[in-house]
There are 2 protein chains.
Amino acid sequence: MPTSPEDDRLLDAERDIRARLGDQPLDFDSLHAISNIYRAATAVRRRAEREVLAEHSLSWGGFTILWVLWVWGEMETARLAAECDTAKGTLTGMVSTLERQGLVARERVESDRRRVTVALTPAGLALITDLFPAFNDYEAEMAAGLTRAEKNELARLLRVVTRNAGESPDATATTAAESPEPRR
Amino acid sequence: MPTSPEDDRLLDAERDIRARLGDQPLDFDSLHAISNIYRAATAVRRRAEREVLAEHSLSWGGFTILWVLWVWGEMETARLAAECDTAKGTLTGMVSTLERQGLVARERVESDRRRVTVALTPAGLALITDLFPAFNDYEAEMAAGLTRAEKNELARLLRVVTRNAGESPDATATTAAESPEPRR
DNA sequence: TCGGGATCATTCGGTACCGAACTATCGGAG
DNA sequence: CTCCGATAGTTCGGTACCGAATGATCCCGA
């Protein structure tokens, strides 16, 4: 296995860390695995926002909302927040932004006036229908160089991590309310 | 291979997407791989901030700065921004926060007064020395259930994605200035 | 030596994002 | 019917974060 300059630098860092910590046992395999997740995520997000989303004045989060509504249809705020994996308060602001852009519309539920549903407008529908293939192309570009099997393996390993991070292990009782997989 | 309810839901979503897009070819393997990166990253980050960092009033970004300074030592703002993988402007604010907390100190470079170096204070050094093992424990917890080989494979696959997202392929010339690997 | 381009960091405007406090509404117990 | 706990959404305070504009300093050529 050839060693790259990057590998060298990594090893330097590990040596430095060990030097600072003495003989404490450290888990460098986990360190690299976990920290690389964050690096990859920000890199992918930043470039997507610059090269795919910016021309439509969409943030990553805004795109996610459109995508969720497109796939699963109109839904209430709470469910939308869960699907988008974001706090309710955050979602309120983002939906307001999209509303201002004319891409989604809020509607109070008649039978329970606390609730609000969010739906795509025709303009929002047109945009996401047009944009999603381009976004998928971008995703494919980000995964270029990986085989089909590797992509699936990557997705699987990440699911394990997400599950590990999902809920405090000492959360009271087994949260059956835990929302399932595909939020995006 | 057993199918979980999650798998079912995922397949529903795929069917729905296909229904909306007609016969356009879509790359679902890339879709799942890429979108799971972002989900895992936010889940890991959120929980780390709540359960490991909050008690020390540190954000993920703030922790990263301390960590970088700890491992590689005092450095100038521009390099620190590169290592932390954040925009210079963002870094300025975060360093100011840490400075207010007494964890880092700025110092103008005598020989070139445009430049500023950032270094850990004794308090900052004490904090990161104390905190890093706990953080590494947390990382190990997030990677629980993965074998050593799987962790390394995860890190490797993510490096490919990060590299793909690294710089616009049509960037003018080959950016030799591209900053190398381990930023965290 | 003095002016102008390059190069640092910081500031600025705007969105996203979280958690906690708040508001409006619902639904049941008495 | 009326209060009161529960629930859904919004507001609020604060940080992070980006990209563009600004300001300070340096360096070099005339």
Side-chain angles (χ1 to χ4, degrees), chain A residues 38-39 41-51 53-66 75-82 84-101 103-104 106-118 168 177, chain B residues 38-39 41-51 53-66 75-82 84-101 103-104 106-118 168 177:
Chain A
Y38 196 72
R39 292 219 305 132
T42 54
V44 166
R45 175 183 179 147
R46 243 197 310 260
R47 185 158 163 195
E49 290 186 333
R50 272 205 313 259
E51 297 186 12
L53 270 19
E55 58 189 307
H56 301 284
S57 303
L58 281 179
S59 66
W60 180 279
F63 174 83
T64 303
I65 292 174
L66 296 185
M75 66 181 71
E76 294 179 11
T77 302
R79 164 120 187 268
L80 185 55
C84 295
D85 194 22
T86 188
K88 268 188 318 179
T90 302
L91 193 89
T92 295
M94 282 163 50
V95 167
S96 297
T97 299
L98 293 174
E99 205 175 26
R100 207 182 324 126
Q101 296 173 303
L103 300 174
V104 305
R106 283 184 168 98
E107 192 177 354
R108 293 211 92 82
V109 175
E110 268 314 308
S111 60
D112 182 346
R113 305 191 49 76
R114 286 172 304 181
R115 299 170 195 259
V116 169
T117 60
V118 183
S168 182
Chain B
Y38 195 72
R39 294 218 305 131
T42 55
V44 166
R45 175 181 180 149
R46 244 197 310 258
R47 185 157 163 196
E49 290 187 333
R50 272 205 312 261
E51 297 186 11
L53 270 19
E55 58 188 305
H56 301 283
S57 302
L58 282 180
S59 66
W60 179 278
F63 175 82
T64 304
I65 292 175
L66 296 185
M75 66 180 71
E76 293 179 11
T77 302
R79 162 120 188 268
L80 186 55
C84 294
D85 193 24
T86 188
K88 268 187 317 181
T90 302
L91 194 90
T92 294
M94 282 163 50
V95 167
S96 297
T97 299
L98 293 173
E99 204 174 28
R100 208 182 322 127
Q101 296 172 305
L103 300 173
V104 305
R106 283 184 169 99
E107 192 177 353
R108 293 211 93 84
V109 175
E110 269 313 309
S111 61
D112 183 346
R113 305 192 50 75
R114 287 170 305 181
R115 297 169 195 260
V116 170
T117 60
V118 183
S168 181

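The chains referred to below are lettered A, B, ... by the order of the sequence lines, with proteins before strands, and numbering in each begins at 1. Since the model is a prediction, treat every value here as computed from it, not as a measurement.
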Ignoring hydrogens and angles, tell me if any N or O in the side chain of B:Gln101 forms a donor-acceptor pair with the backbone of B:Ser57 under 3.5 Å.
-> yes
Partner residues of B:Glu107 under the side chain to side chain donor-acceptor pair (under 3.5 Å) criterion, sequence neighbours left out | none
Pairing residues for B:Thr90 by the side chain to side chain donor-acceptor pair (under 3.5 Å) criterion, not counting sequence neighbours | none
Under 4.0 angstrom, heavy atoms only, what part of the nucleic acid is B:Thr92 near: base, sugar-phosphate, or nothing?
-> base
side-chain contact (heavy atoms from CB on, under 4.5 Å) with A:Arg108: which residues, sequence neighbours excluded?
-> A:Arg113, A:Val116
For B:Arg114, check side-chain contact (heavy atoms from CB on, under 4.5 Å) against everything at least two apart and list the hits.
-> B:Asp112
For nucleotides 25-27 of chain C, give me every protein contact, N/O to N/O, under 3.5 Å, one pair per line with atom names.
unit_1	atom_1	unit_2	atom_2	d
C:dC26	OP1	A:Arg113	N	3.0

Value in whole Å for how far the P atom of C:dT10 lies from CG of B:Leu80 | 11 Å
Partner set under side chain to side chain donor-acceptor pair (under 3.5 Å) for A:Glu99, not counting sequence neighbours | A:Arg106
Going 5' to 3' through nucleotides 13-23 of chain C, assign each nucleotide B (protein heavy atom under 4.0 Å from a base atom), S (under 4.0 Å only from sugar-phosphate atoms) or - (no protein heavy atom that close).
-> --SSBBS----
For A:Glu76, check side-chain contact (heavy atoms from CB on, under 4.5 Å) against everything at least two apart and list the hits.
-> A:Val109, A:Arg115, A:Thr117
Side chain to side chain donor-acceptor pair (under 3.5 Å) with B:Thr77: which residues, sequence neighbours excluded?
-> none
Which whole-number value in Å describes the distance from A:Glu99 CD to D:dT10 C1'?
-> 13 Å
